[in-house]
Amino acid sequence: MIKKNLPTIRLPHASDLNLIRNQNYNLGLHTVCREAKCPNQAECASNKTAAFLLLGGICSRNCGFCSVDNGRPEAPDPDEGLKIAGVVSNMALEYVVLTSVTRDDLEDGGASVFVDAITKIKEIGAIVEVLIPDFKDKPGALERVIAAEPDVINHNIETIKRLYPQLRRGANYEGSLNILRRVKESGAQIFTKTGIMVGLGETGEELEKLIRDLAAAGCDALLIGQYLQPTSLNFEVRKYYTDEEFSDFENIARRAGFKVAFAGPLVRSSYRAGVIYHKLME
């Protein structure tokens, strides 16, 4: 039996979380917090942070680690950005993460929906982080998102190159590195960020190589968390890492050149996003 190393989750007062959930339900909106079964939902809500899932709740891909439904997505809601901006305003949210299901069926991969939501939320004055898919490298998609000037562009590389065929079907390791690199090469004053899951069968050497590759791409912030199998149909956990090992990962990342490195069993790429943003600003 694999030994687990998971902290007890002490939930703060969840009234804000319930209000956000109710408003999203009434407006037909989705959050990655709920769809991806994130263990940190209530803590983020109490810190005036929420992560919205654009473009519906059905993904056009079927990654081995993810619990979001896959299949034939619905047409985008043209008012989605406006609705999210309304929730942000009503809840006085200070930090907003916008992510999405992958929409390979759309001409621009959904980039225009990101741009619309970024624009409307920034008008309110909230800080905006986008956690983007690879847009299937559709021409001009990434450039349009960069031009909308979000404060942070996050693209999760997720795992080592060897495991991509099993875990990230339809994605490309070098392509994901190139997204982070292109944001920096654009000259835009935007922080870049990525997340890694561990416990999927990677070796220490492979993980260090991944960290070096990300640093070479100019990535500013790295978050490393324990992979937790969301359902029995998903990829099985191969190892639970110790607190000491997570501390080692942070040290490796800092030595590689990351401005911020954050690792722990329940760390996710949007966890304490506002705190990390302010650390980057410092």
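Salt-bridge check for Glu143 with Arg182: passed, with a basic side-chain N closer than 4.0 Å to an acidic carboxylate O. For Arg254 and Glu250, the salt-bridge test passes: some basic side-chain N is under 4.0 Å from an acidic carboxylate O. Between Asp220 and Lys184 there is a salt bridge, since a side-chain N of the basic residue sits under 4.0 Å from a carboxylate O of the acidic one.
Proximity of a side-chain donor or acceptor of Asp116 to a complementary backbone N or O of Ser112 within less than 3.5 Å is not detected. Using modelled atom types, no side-chain atom of Ser100 and backbone atom of Thr102 make a donor-acceptor pair closer than 3.5 Å. Using a distance-only test at 3.5 Å, with no hydrogens or angles considered, a donor-acceptor pair links the side chain of Lys136 to the main chain of Gly170. Put simply, the side chain of Tyr173 never gets that close to the backbone of Leu163: no donor and acceptor are under 3.5 Å apart. Side-chain atoms of His155 never come within 3.5 Å of backbone atoms of Leu180 as a donor-acceptor pair (strictly under, hydrogens ignored). A donor-acceptor distance shorter than 3.5 angstrom exists from the side chain of Lys122 to the backbone of Glu149, with no hydrogens or angles considered. A side-chain donor-acceptor contact under 3.5 Å links Gln226 to the backbone of Lys239. Glu202 places a side-chain N or O within 3.5 Å of a backbone atom of Leu200 that can act as its donor or acceptor partner. Judged by distance alone, the side chain of Lys83 and the main-chain N or O of Asp77 form no donor-acceptor pair under 3.5 Å. Not one N or O on the side chain of Ser89 forms a donor-acceptor pair closer than 3.5 Å with the backbone of Gly86.
Of all the heavy atoms in Leu228 and Arg268, the pair that sits closest is CD1-NH2, 3.3 Å. The two atoms that bring Leu214 and Phe258 nearest to each other are CB-CZ, 3.6 Å, heavy atoms only. Across all non-hydrogen atoms, the minimal contact from Val88 to Ala126 is CG1-CB, 4.1 Å. Across every non-hydrogen atom of Lys259 and Leu280, the tightest pair is CB-CD2, 3.9 Å. The two residues Leu55 and Gly110 make their nearest non-hydrogen contact at CD1-CA, 3.7 Å.
A heavy-atom distance below 4.5 Å is not found between the side chains of Lys209 and Ile160. Taking 4.5 Å as the limit, every side-chain heavy atom of Pro73 sits out of range of all side-chain heavy atoms of Cys59. Using a 4.5 Å heavy-atom threshold, the side chains of Ile157 and Leu210 count as touching. Counting heavy atoms from C-beta outward, Asn172 and Asp134 have side chains that stay 4.5 Å or more apart. In this structure, the side chains of Tyr240 and Pro265 stay at 4.5 Å or more apart for every pair of heavy atoms.
Note that the CG atom of Leu207 and the CD atom of Glu205 stand 10.0 Å from one another [nearest 0.5 Å]. The distance from atom CD of Glu244 to atom CG of Asp248, rounded to the nearest 0.5 Å, is 8.0 Å.
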Would Phe191 and Val260 satisfy side-chain contact (heavy atoms from CB on, under 4.5 Å), going step by step from the backbone distance to the final call?
CA-CA 11 Å; Phe191 293 120; Val260 175; over 6 Å; no
Determine, step by step, whether Asp79 and Lys120 satisfy the salt bridge (Lys or Arg N to Asp or Glu O under 4.0 Å) criterion, reporting the C-alpha distance in whole Å, the side-chain angles of both residues, the deciding distance to 0.1 Å, and the verdict.
CA-CA 11 Å; Asp79 296 323; Lys120 288 182 169 59; over 6 Å; no
Report the C-alpha distance between Ile84 and Leu54 in whole Å, list the side-chain angles of each, state the deciding distance to 0.1 Å, and finish with yes or no for side-chain contact (heavy atoms from CB on, under 4.5 Å).
CA-CA 9 Å; Ile84 292 173; Leu54 299 172; 3.3 Å; yes
Before giving the answer on side-chain contact (heavy atoms from CB on, under 4.5 Å), spell out for Ile196 and Leu222 the whole-Å C-alpha distance, their side-chain angles and the decisive distance to 0.1 Å.
CA-CA 8 Å; Ile196 301 171; Leu222 173 64; 3.6 Å; yes
Could you walk me through whether Arg162 and Glu206 pass the side-chain contact (heavy atoms from CB on, under 4.5 Å) check?
CA-CA 9 Å; Arg162 175 174 58 83; Glu206 287 174 319; 2.6 Å; yes
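A chain of hydrophobic side-chain contacts below 4.5 Å, direct or via other Ile, Leu, Val, Met, Phe, Trp or Tyr residues, connects Met91 to Ile118.
Enclosure of atom CD in Glu174 by more than 12 non-hydrogen atoms of other residues, nucleotides or ligands within 6.0 angstrom is indicated.
Residues satisfying the ring pair (Phe, Tyr, Trp, His ring centres under 6.0 Å) criterion with Phe262, sequence neighbours excluded, are absent altogether. Partners of Phe135 under the ring pair (Phe, Tyr, Trp, His ring centres under 6.0 Å) rule, at least two apart in sequence or in another chain, are Phe114.
Screening Asp151, Ile146, Val145 for a side chain to side chain contact (heavy atoms under 4.5 Å, CB included) involving Ile190 leaves a single residue, Ile146.
In this model, a donor atom of one side chain and an acceptor atom of the other lie less than 3.5 Å apart for Glu245 and Thr242. A donor-acceptor contact closer than 3.5 angstrom links the side chains of Glu129 and Tyr95.
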